[in-house]
Amino acid sequence: MEKTKVRGFHLRFGSHDLVEPLIEFIHHVLVPQGINYLFLECNTSFVFKKHPEITEGTLTRQDAKVIADVCRKHNIRLIPLFQCLGHQGWGGKRNSILTAYPQFDETPEISLDAVWPEIFCRSWCPEHPDIHQLVYDLMDEIIEAFDADGFHVGMDEVFEMVNPNCPRCRGKDRAKLFANVVNDLHHHLVGTHNVEMFMWGDRLNDSERFGYNEWEGDTFGTHDAIDHIPKDIVITDWHYDKLPAYPSIGNFISKGFTVIPACWYKTDAAVDLLEQGIQQAQEREKLKNMLQVCSLLRGITGIELHSKK
């Protein structure tokens with residue numbers, strides 16, 4: 001994949017009725033702003049043919065083709081995003097995967113009504129023998145529908161791992177389990193489909209070492225996985241607020257990864273993140289690992305797209 005500067009935009013989307021407003025948004029907002037990467041997080045909102053029991057949205061295969069064609073026309077690379085391992089619901093509530101297959105739930109003993117801090121969001125069990133093929137089936141449909149040459153697997157904010165009540169995971173090393181999931185996904189996406197793999201970087205950041213909080217970094221042992229996953233994965237390293245430093249960017253670069261510094265809506269924090277990232281790349285004489293990157297606006301869920309119906 002040829003390296004180029006990236007102006008990225010991340011949007012959760014899964015509605016057939018809002019396809020037309022999304023296209024208008026692409027035409028009138030993303031294109032004028034020079035956006036050339038669109039990370040479209042559809043998750044289980046896609047209308048799946050092989051596993052209709054998973055569908056909890058209305059985004060069809062034809063919708064995906066229309067959106068992809070519009071993006072291609074404007075030289076916007078469309079990267080579908082499907083949350084893996086974590087973010088399988090919010091709070092105690094299960095998403096459609098864990099609702100249809102509760103045996104995949106890593107923490108089934110937690111109440112469906114539970115809220116933070118008892119639970120942030122559920123995870124699937126990384127050691128369940130049947131989860132991987134299901135997820136691959138879902139990914140395959142999304143890749144085919146969007147004719148995608150890249151795929152973002154999420155993997156951020158994973159807190160529910162190695163549940164002492166899980167007969168498969170208890171007592172195991174979190175970093176090894178996390179790396180195993182990443183490597184399995186990489187084998188399927190890159191090895192089988194020859195698409196570029198993207199993932200969020202927070203669970204690979206050592207919070208104690210870098211001074212990050214529990215959201216932007218790992219506090220319970222997954223960060224060691226960074227040395228056991230392929231270096232051709234593009235890391236989207238997100239930081240919302242302006243910090244004294246963002247040492248994880250330099251760490252990813254030094255280890256051979258290409259990095260996308262991912263910001264939110266705070267302009268001063270976004271500019272600082274990008275400038276410090278470029279400086280860290282220059283100091284390591286690996287600016288090519290940042291040249292693919294300009295910025296990625298992450299976490300946009302409040303964009304109001306209204307149907308004309």
Side-chain angles (χ1 to χ4, degrees), residues 1-11 30 33-39 41 76-77 79 81 150 152-158 175 178 182 196-220 222-227 229-302:
M1 189 64 59
E2 182 181 355
K3 302 298 183 183
T4 182
K5 287 188 178 180
V6 169
R7 295 176 66 88
F9 191 86
H10 165 230
L11 178 68
L30 299 189
Q33 291 297 322
I35 298 297
N36 58 6
Y37 271 50
L38 174 59
F39 292 83
E41 183 176 345
I76 296 175
R77 187 181 180 197
I79 309 294
L81 192 156
H152 198 301
V153 299
M155 299 288 291
D156 62 318
E157 298 173 330
V158 177
F178 192 87
V182 174
E196 192 169 28
M197 178 171 160
F198 298 74
M199 66 177 286
W200 300 118
D202 54 286
R203 296 306 93 189
L204 302 174
N205 293 334
D206 183 346
S207 284
E208 182 176 358
R209 176 185 174 193
F210 296 140
Y212 292 152
N213 61 28
E214 64 184 315
W215 305 99
E216 298 180 28
D218 160 56
T219 61
F220 72 132
T222 59
H223 61 268
D224 287 337
I226 193 172
D227 293 319
I229 62 176
K231 299 302 186 289
D232 61 352
I233 298 172
V234 179
I235 304 296
T236 44
D237 187 26
W238 64 272
H239 301 281
Y240 284 172
D241 297 312
K242 189 173 181 179
L243 303 175
Y246 313 90
S248 54
I249 295 177
N251 187 52
F252 283 124
I253 291 173
S254 294
K255 289 181 179 292
F257 294 97
T258 295
V259 186
I260 296 180
C263 57
W264 199 14
Y265 66 90
K266 301 177 181 180
T267 303
D268 61 337
V271 171
D272 189 50
L273 173 64
L274 179 59
E275 289 179 347
Q276 289 203 39
I278 292 175
Q279 180 181 349
Q280 290 179 50
Q282 290 174 331
E283 290 171 351
R284 290 161 177 80
E285 297 183 350
K286 290 187 177 182
L287 194 57
K288 63 183 178 63
N289 292 63
M290 277 283 298
L291 276 180
Q292 188 187 6
V293 177
C294 181
S295 61
L296 168 62
L297 192 60
R298 164 191 153 92
I300 295 300
T301 57

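Quick note: residue numbers are just sequence positions, from 1.
- Put simply, the side chain of Arg203 gets close to the backbone of Gly217: a donor and an acceptor are under 3.5 Å apart.
- For Glu275 and Gln279, the side-chain atoms include no donor-acceptor pair closer than 3.5 Å.
- Note that CG of Asp156 and CH2 of Trp238 are 7.0 Å apart. Values are rounded to the nearest 0.5 Å.
- No donor-acceptor contact under 3.5 angstrom links the side chains of Tyr212 and Asp202, judged on distance only.
- When every heavy atom of Met155 is checked against every heavy atom of Trp200, the shortest pair comes out as N-CD1, 4.5 Å.
- Taking all atoms of both residues into account, the shortest heavy-atom contact from Pro261 to Ile249 is CB-CD1, 4.1 Å.
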> Passes side-chain contact (heavy atoms from CB on, under 4.5 Å), Phe210 versus Leu243? Steps please.
Replying inline: CA-CA 11 Å; Phe210 296 140; Leu243 303 175; over 6 Å; no
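- In this structure, the side chains of Val182 and Met197 come closer than 4.5 Å at one or more pairs of heavy atoms.
- Atoms CZ and NE2, on Arg209 and His223 in that order, are 8.5 Å from each other to the nearest 0.5 Å.
- Atom CD1 of Ile278 is separated from atom CG of Leu273 by 10.0 Å, given to the nearest 0.5 angstrom.
- The two atoms that bring Ile35 and Phe9 nearest to each other are CG2-CB, 4.0 Å, heavy atoms only.
- With contacts defined as side-chain heavy-atom distances shorter than 4.5 Å, the pair Asn251/Asp206 does not qualify.
- In this structure, the side chains of Glu196 and Val234 come closer than 4.5 Å at one or more pairs of heavy atoms.
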>> Apply side-chain contact (heavy atoms from CB on, under 4.5 Å) to residues Gln280 and Phe252 and explain how you reach the verdict.
In response: CA-CA 10 Å; Gln280 290 179 50; Phe252 283 124; over 6 Å; no
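- In terms of heavy atoms, Ile253 sits closest to Gly277 at CD1-O, 4.5 Å.
- Side-chain contact check for Leu38 versus Leu30: some heavy-atom pair is nearer than 4.5 Å.
- Residues Glu216 and Asn205 are not in side-chain contact: their nearest non-hydrogen atoms beyond the backbone lie 4.5 Å or more apart.
- When all heavy atoms of Ile229 and Leu204 are compared, the closest pair comes out as CD1-CD1, 3.7 Å.
- Note: His10 NE2 to Phe39 CZ = 9.0 Å, rounded to the nearest 0.5 Å.
- In this structure the side chain of Tyr240 never reaches within 4.5 angstrom of the side chain of Trp215, judged on heavy atoms.
- Judged by distance alone, with hydrogens and angles left aside, the side-chain atoms of Thr236 form a donor-acceptor pair with the main-chain N or O of Met199 at under 3.5 Å.
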> Checking side-chain contact (heavy atoms from CB on, under 4.5 Å) for the pair Phe257/Asp237: CA distance, chi angles, key distance, verdict?
Replying inline: CA-CA 11 Å; Phe257 294 97; Asp237 187 26; over 6 Å; no
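- The minimum heavy-atom distance between Ser254 and Arg284, with the atom names listed, is OG-NE, 2.7 Å.
- Of the inter-residue distances, the one linking Lys231 atom NZ with Ile226 atom CD1 reads 7.5 Å to the nearest 0.5 angstrom.
- Between Phe178 and Asp218, every side-chain heavy-atom pair lies at or beyond the 4.5 Å cut-off.
- Taking the six-membered ring where the residue is Trp, His239 and Tyr246 present tilted rings, their angle falling between 30° and 60°.
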